[in-house]
Amino acid sequence: MSSAPDILADAVERALRSAVGAENAGPAIIRPCADPKFGDYQANGVMALAKRLGQNPRALAEKVIAELQFSDVSEPPTVTGAGFINFRLTPSFVTRQIAAATNDERLGVPTVAQPKTVVIDFSSPNVAKPMHVGHVRSTIIGDCLARVLRFLGHRVITDNHLGDWGTQFGMLIIGWKRFRNDEALQQDAIGELERLYKYVNDHKELRDDAKAELVKLQQGDAENHEIWQKIIDLSMQEFSKTYQRLGVSFDHTLGESFYNPMLKDVVEELKRLNLARESEGAMCIFFEDNPELKKTSPLLIQKADGAFLYGTTDMATLKCRIDQWHPDEIVYVTDARQQLHFKQVFAAARKWWEKPPDLRHVYFGTILGEDGKPLKTRDGTPVKLADLLDEAEERALSVVTEKNPTLPLVERQQIARAVGIGAVKYADLSQNRTTDYVFSWSKMLAMNGNTAPYMQYAYVRVQSIFRKAGATKADIATVSLEHAAELDLAKHILRFPETLHAVAEDDKPNWLTGYLYDLTGKFSAFYENCPVLQSAEPTRSSRLLLCRLTADVIKRGLNLLGIEVIEQM
RNA sequence: GCGCCUGUAGCUCAGUUGGAUAGAGCAUCGGAUUUCUAAUCCGGCGGUCGCGUGUUCGAGUCACGCCAGGCGCGCCA
């Protein structure tokens with residue numbers, strides 16, 4: 001089943017080739033019309049092409065129209081304005097597509113013709129430190145992208161690049177040996193580890209001892225290695241709880257330490273290839289040939305004292321992933337402040353490999369408090385992710401209780417979990433990820449607007465119709481789209497595939513939330529104007545079918561965002 | 001000092017890569033309920049898209065220059 005824009009693009013591009021020749025033709029660029037009065041889709045590529053070829057855009061549009069061949073997808077296209085080609089889908093086409101989507105578990109979304117292998121590197125918390133709000137965006141966005149790409153049929157490998165190595169372990173080990181409180185450790189492992197770190201860090205007289213412990217660890221001392229491993233295990237137990245609450249999982253958790261044995265060879269290799277050279281005692285990769293990076297400082301891969309840095313680990317990680325998985329793309333989901341670093345790593349990769357994978361830094365802005373400054377607790381420390389999720393569930397519970405006090409507590413708690421966690425995720429994913437955003441409980445838990453509760457409630461309303469309708473086999477119905485609201489809703493349902501492709505193309509989950517918000521808006525118009533249960537057959541069944549499909553798209557859409565639906569609120 | 005990002009309604013944000021008359025939610029004002037869950041829906045008000053110059057059939061979107069804010073700039077990650 002091909003979607004309308006695919007069919008139209010194909011037809012327009014064929015017409016373009018015959019109008020201006022294959023070597024001059026360009027993409028059709030089919031986009032939704034700005035205003036429905038013009039139609040459903042327009043071909044923006046034709047005007048752009050006319051400009052490039054120095055032709056009159058209107059004349060070219062007319063020429064294309066004359067050459068266009070497609071079946072009954074669209075009414076005869078029209079040319080308006082400067083040379084817009086407008087298409088309006090025929091009701092019969094929409095009806096057919098809706099029927100096909102109804103009988104399709106994938107809701108009309110085809111898998112891609114050429115699946116890619118995509119590695120997604122996200123979350124990456126630091127061992128012995130609590131996950132805080134800074135990790136929430138990476139985790140949620142990375143998980144969402146993984147879900148979308150998988151659904152589209154790509155081979156996705158998710159990897160949690162844990163911060164499990166570094167100078168902090170010297171301090172942790174000395175703290176562990178001398179100041180550990182086992183009871184505290186049992187109750188709140190990460191809290192205790194954090195205390196130990198701070199304690200040692202605050203006591204300068206311990207610095208040399210910490211350094212010595214670090215050296216022992218690096219040289220493979222058995223006792224220190226055991227402590228190090230214990231610290232990782234304890235931390236992972238905590239992280240796992242959070243991932244479970246978030247419904248996030250990974251194919252691999254290969255932390256920085258995994259690449260330790262390779263660092264020396266990587267540096268040697270980069271030296272051998274003349275990609276790295278010594279400068280001021282350190283081993284560096286310079287980018288003189290890169291206009292964007294030539295003036296920046298180099299990428300350091302070995303310090304003057306011989307120690308390695310995160311640039312080294314990143315290069316080793318890259319090599320390892322390429323050798324093992326042969327990916328077509330590697331996606332790094334980290335905050336925007338690391339842009340320069342990744343530009344350098346990517347540039348280094350292009351020096352190292354003739355054809356490296358498509359390397360993408362999917363960066364995101366900072367979560368700000370209502371005061372416009374990075375979100376902090378009252379005492380100025382970063383907000384812990386677990387506390388944030390607790391509060392989300394608590395707030396959701398009180399909202400649910402207010403609305404539906406007679407519901408058993410267990411059920412209300414279940415709903416509150418889905419709503420609370422969903423609200424946090426949705427708030428994050430509905431923002432354009434590249435910019436900072438202001439965190440607000442009241443906005444993310446609002447029943448109005450582009451929020452998780454609104455979306456979940458829309459789903460509940462549809463489910464409620466089905467409960468009232470009794471056992472209904474909506475799938476035996478024939479669709480007929482007579483009311484304008486029905487047709488409008490149906491057309492929007494059919495835009496689900498193109499939306500997912502856009503999300504995957506630009507790594508922008510907020511296009512999916514925007515789509516779902518529009519969908520619920522169209523459903524509202526339908527819900528207000530088109531009675532379902534009171535209608536006579538066959539309208540009743542046809543409308544039930546639209547309801548079913550709407551609910552399925554909402555459910556699938558939220559699922560791809562990592563958000564659960566509930567049956568009642 | 002150099003570089004990157006951001007600046008859109010009173011507030012919080014969209015804006016599909018150069019397309020038609022710039023959109024939502026909140027706030028504010030007004031309307032709808034013998035209901036399919038009102039945690040709802042519909043409408044009004046609200047804009048010099050930071051400022052300026054340019055590119056062209058067309059600019060919130062591209063280029064250049066200012067202004068303001070954030071972030072980053074060799075041995076942390």
Side-chain angles (χ1 to χ4, degrees), chain A residues 29 31-35 37-38 42 44 47-48 50-51 56-58 80-84 86 124 126 163 165-168 256 279-284 292-293 295-305 307-311 313-314 334-341 343 363 365-366 368 370 372-374 399-400 402-404 430-432 434-438 440 442-443 445-451 453-454 456-458 460-469 498-499 501-503 505-506 508 510-511 513-514 517-518 521 524-525 527-528 530-534 543 547 568-569:
Chain A
I29 312 184
R31 294 279 180 265
C33 286
D35 189 322
K37 80 181 178 203
F38 296 117
Q42 60 190 42
N44 287 346
M47 278 188 289
K51 180 172 200 149
N56 180 314
R58 254 200 103 98
T80 55
F84 295 94
N86 303 307
S124 311
N126 289 318
W165 195 254
T167 46
Q168 77 271 27
E256 292 168 346
S279 162
E280 296 173 31
M283 198 53 67
C284 306
E292 196 185 0
L293 298 174
K295 286 165 79 179
T296 67
S297 50
L299 178 67
L300 264 68
I301 56 170
Q302 190 169 24
K303 302 204 281 188
D305 65 4
F308 304 115
L309 305 93
Y310 78 135
T313 314
D314 279 346
T334 83
D335 69 271
R337 288 174 302 190
Q338 297 188 43
Q339 279 180 92
L340 177 61
H341 172 70
K343 275 180 188 165
Y363 58 87
T366 309
L368 307 174
E370 310 255 10
K373 286 188 273 196
V399 170
V400 174
E402 198 181 320
K403 157 74 176 167
N404 218 337
S430 59
Q431 304 285 322
N432 180 331
T434 59
T435 51
D436 296 349
Y437 83 93
V438 176
S440 159
S442 62
K443 286 191 177 87
L445 285 165
M447 267 315 296
N448 267 321
N450 195 6
T451 67
Y454 179 83
Q456 289 165 320
Y457 179 60
V460 164
R461 284 171 101 184
V462 191
Q463 291 310 95
S464 172
I465 293 177
F466 281 95
R467 270 198 300 278
K468 277 253 163 62
E498 63 200 69
T499 301
H501 281 108
V503 171
E505 186 65 30
D506 280 358
K508 292 214 165 165
N510 67 310
W511 286 347
T513 60
Y517 185 51
D518 289 342
S524 284
Y527 188 86
E528 295 291 316
C530 304
V532 177
L533 298 177
Q534 289 96 324
R543 287 182 176 169
C547 288
Q568 55 176 336
M569 286 175 83

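To find a chain, count down the sequence lines: A is the first, B the second, and so on, and within it residues start at 1. These values consider heavy atoms only, across backbone and side chains, with no hydrogens, waters or symmetry-generated copies.
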Presence of A:N510 side-chain N/O under 4.0 Å of B:rU16 phosphate oxygens OP1/OP2: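 Looking at the OP1 and OP2 atoms of B:rU16, neither is under 4.0 Å from any side-chain N or O of A:N510.
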Once you apply a heavy-atom cut-off of 4.0 Å, does A:N432 come out as touching a base, just sugar-phosphate, or nothing? sugar-phosphate
Taking all atoms of both residues into account, what is the closest heavy-atom pair of A:Q456 and A:M569, and its distance? C-SD, 3.8 Å
With sequence neighbours left out, write down each residue that passes ring-ring contact (aromatic ring centres under 6.0 Å, His included) with A:Y457, or none if nothing qualifies.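 For A:Y457, no residue satisfies ring-ring contact (aromatic ring centres under 6.0 Å, His included) once neighbours in sequence are set aside.
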For A:Y527, give me all partners under ring-ring contact (aromatic ring centres under 6.0 Å, His included), at least two apart in sequence or on another chain.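 In terms of ring-ring contact (aromatic ring centres under 6.0 Å, His included), with neighbours along the sequence ignored, A:Y527 is linked to A:F523.
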Summarise how protein sits on nucleotides 1-7 of chain B as a single string, 5' to 3': B when a protein heavy atom is under 4.0 Å from the base, S for sugar-phosphate-only contact, - for no contact. -S-S-S-
Please map the stems of RNA chain B, keeping only stretches of three or more Watson-Crick or G-U wobble pairs with both distances under 3.5 angstrom. B:1-7 with B:67-73, B:10-13 with B:23-26, B:28-32 with B:40-44, B:50-54 with B:62-66
Got a list of protein N/O to nucleotides 58-63 of chain B N/O distances below 3.5 Å?
{"from": "B:rG58", "atom 1": "O6", "to": "A:K51", "atom 2": "NZ", "distance (Å)": "2.8"}

Listed pairs, N/O of protein and of nucleotides 26-32 of chain B, under 3.5 Å:
{"from": "B:rC26", "atom 1": "OP1", "to": "A:N448", "atom 2": "ND2", "distance (Å)": "2.9"}

Name all residues meeting the side chain to side chain contact (heavy atoms under 4.5 Å, CB included) criterion together with [X]; count only those two or more places apart in sequence or in a different chain, and write none if there are none.
X      : value
A:T434 : A:Y363, A:N432
A:N86  : A:C33, A:F38, A:Q42, A:T78, A:T80, A:F84
A:A48  : none
A:K303 : A:D305, A:A307, A:L309

Sequence neighbours excluded, the answer for salt bridge (charged side-chain N to carboxylate O under 4.0 Å, His left out) partners of A:K343 is A:E292
If the condition is salt bridge (charged side-chain N to carboxylate O under 4.0 Å, His left out), which residues does A:D436 pass it with, not counting sequence neighbours? none
Rounding to an integer number of angstrom, what distance separates B:rU61 and B:rA20 when you compare their C1' atoms? 15 Å
